[in-house]
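Data first, discussion second: the structure below is written as structure tokens.
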Number of protein chains: 2
Amino acid sequence: MENVRELFQIMTRRFGFLNKNCCSAGGCDISLVQSHILYEIDHQHKPSVQQVAEALGTDITTFSRQIQSLIKMNLVKKTPVPDDRRVHVLSLTTEGKYVAATIDQQMNAYLGEVFSHMNDFEKETVIRSVKLLNEAMAKSSLCCTTPIG
Amino acid sequence: MENVRELFQIMTRRFGFLNKNCCSAGGCDISLVQSHILYEIDHQHKPSVQQVAEALGTDITTFSRQIQSLIKMNLVKKTPVPDDRRVHVLSLTTEGKYVAATIDQQMNAYLGEVFSHMNDFEKETVIRSVKLLNEAMAKSSLCCTTPIG
DNA sequence: TATTATACTTGCATATTGCAATTAATTCGG
DNA sequence: CCGAATTAATTGCAATATGCAAGTATAATA
């Protein structure tokens, strides 16, 4: 059997390209990291700064600054928690939600285009496989450990 | 059906984590980009500076400097071509080959661990799916365009 | 031979990153 | 209840990475 790593190396690189392109929306350009942040804030329930940073595996100090940029761009809102005023929860502004939704659509369109080169059976197989892969990585102790999914 | 993008977002992020961890070998620490460069030089036949840069989608000036680092680390060799002395081909040094092989082993070990959470049928399905995905992305005009694979 | 094109490198200005230290708020031990 | 230790988040700073514009060297073309 051929080198498994080879297959995954190519795949991840290609997705890197895809992500690079897919990140401008609503007038403002969004970097890849920024799109991941928007995604994560959108999918967690009132997450704190730390929670999102950890989910993304980003250093907390770096993340703090990334959030500052997104706040300046008026895409993210930071609210102190009354119970514990050290903690600040993050949420998307209306504009942030719009941008996140737009990126989501774009990515789905790109993926749709990729899948258009397969038949329905292959497409279903691939989607099921990605799901399997995610589950397996979630179980893995060696790597890939993220609280999400 | 659930959001396809969501599945791929999680997957690519997890692979990002995996890659982050998997890149120290033979005493020296290797960054993610550097590991991709080593991989690519190893898999192309006497590639020029430009060819590798393009394969990786990196700006040529940035790439030039990345290669300089790798040469300093004694992992890569740059040789001018006699026929056309503007062109320089890249190759791995003995140490570079060793490091590339080590990273390859590490990555395969990680992937093996991930696959250990599946049965054989699932594993084969997933590998076949990744292959399908690579082929589809190669065909895609919208994105992911790379000379490789 | 002069112009144009190509392959690669450097200058500079900007952006990203992470460690160490700081601030502010909370919890714990006596 | 007060001071020490803990936690969440931010800033200082230094190192690294990035890309555009310009430069150098070689080759192709007219």
Side-chain angles (χ1 to χ4, degrees), chain A residues 13 16-17 19-21 23-24 28-38 40-41 44-73 75-91 147, chain B residues 13 16-17 19-24 28-41 44-73 75-91 147:
Chain A
R13 187 185 303 161
F17 280 111
N19 276 307
K20 261 189 196 171
N21 300 330
C23 294
S24 79
C28 54
D29 272 349
I30 304 288
S31 79
L32 181 54
V33 260
Q34 287 175 334
S35 86
H36 274 263
I37 294 172
L38 293 184
E40 199 56 33
I41 294 176
Q44 283 194 33
H45 177 65
K46 299 261 175 197
S48 70
V49 173
Q50 225 178 28
Q51 281 170 331
V52 180
E54 192 174 341
L56 297 172
T58 313
D59 182 273
I60 185 76
T61 71
T62 300
F63 186 73
S64 173
R65 275 180 267 252
Q66 286 168 343
I67 287 296
Q68 284 170 35
S69 318
L70 288 168
I71 289 172
K72 260 187 212 141
M73 294 165 80
L75 300 176
V76 167
K77 204 171 44 182
K78 200 182 65 183
T79 322
V81 172
D83 287 355
D84 186 340
R85 283 188 306 179
R86 292 172 302 181
V87 182
H88 296 241
V89 293
L90 300 172
S91 56
Chain B
R13 186 185 305 162
F17 281 112
N19 276 307
K20 261 191 195 170
N21 300 330
C22 289
C23 294
S24 78
C28 54
D29 273 348
I30 303 289
S31 79
L32 181 54
V33 261
Q34 287 175 334
S35 87
H36 274 263
I37 295 172
L38 293 183
Y39 176 91
E40 199 56 34
I41 294 176
Q44 284 194 32
H45 176 66
K46 298 262 176 197
S48 72
V49 173
Q50 225 178 27
Q51 281 171 331
V52 179
E54 191 173 343
L56 297 171
T58 314
D59 182 273
I60 185 75
T61 71
T62 300
F63 186 73
S64 174
R65 275 180 269 251
Q66 286 168 343
I67 287 297
Q68 285 170 34
S69 319
L70 288 168
I71 289 172
K72 259 187 211 141
M73 295 165 81
L75 300 176
V76 167
K77 205 170 45 182
K78 201 181 63 181
T79 322
V81 173
D83 287 354
D84 185 340
R85 283 188 306 178
R86 293 172 301 180
V87 182
H88 296 242
V89 293
L90 300 172
S91 57

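Numbers restart at 1 for each chain; the letters A, B, ... are given by sequence-line order, proteins then strands. Only this structure's heavy atoms are used, side chains among them; waters, hydrogens and symmetry mates stay out.
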[X] [atom1] - [N] [atom2] separation (whole Å):
X	N	atom1	atom2	value
A:I67	D:dT11	CD1	C1'	16 Å
B:L32	C:dT16	CG	P	18 Å
B:R65	C:dT10	CZ	C1'	7 Å
A:E54	D:dA9	CD	P	11 Å
A:L70	D:dT10	CG	C1'	16 Å
A:I71	D:dT10	CD1	C1'	12 Å
A:I60	C:dT17	CD1	P	14 Å
A:D59	D:dC13	CG	P	18 Å

Open item on the list: On DNA chain C, does the nearest nucleotide to A:D83 precede the nearest nucleotide to A:V33 from the 5' side, or the other way round? Give the residue.
Closed with: A:V33
Task: Residue met sooner reading DNA chain C from 5', once A:R85 and A:S69 are mapped to nucleotides - done: A:S69
Open item on the list: Tell me if the side-chain of B:T61 makes a donor-acceptor pair with the base of C:dC8, cut-off 3.5 Å, by modelled atom types.
Closed with: no
Task: Among D:dG19, C:dT17, C:dT9, the nucleotide that comes nearest once only the side chain of B:Q68 is considered - done: C:dT9
Task: Closest listed nucleotide, where the reference is the side chain of B:Q66 and the choices are D:dG19, D:dT18, C:dA20 - done: D:dT18
Close side-chain approach of [X] and [Y], heavy atoms under 4.5 Å:
X	Y	result
A:L32	A:S35	yes
B:L90	B:Q51	no
A:V33	A:T58	no

Open item on the list: If you compare every side-chain N and O of A:K78 against the phosphate oxygens of D:dT10 (OP1, OP2), does one of them come in below 4.0 Å?
Closed with: yes
Open item on the list: Side-chain N or O of A:T62 versus OP1/OP2 of C:dG18: is the shortest distance under 4.0 Å?
Closed with: yes
Looking at every non-hydrogen atom in both residues, tell me the closest pair between [X] and [Y] and how far apart they are.
X	Y	result
A:I60	A:A53	CD1-CB, 3.9 Å
A:A55	B:R13	O-CD, 3.9 Å
B:K78	B:I67	CD-CG2, 4.4 Å

TODO: Verify whether one side chain among B:Q44 and B:E40 offers a donor that lies under 3.5 Å from an acceptor in the other.
DONE: yes
- [ ] Do nucleotides 1-7 of chain C as a string where each nucleotide becomes B, S or -: B if the base has a protein heavy atom under 4.0 Å, S if just the sugar-phosphate does, - if no protein is that close.
- [x] ----BBS
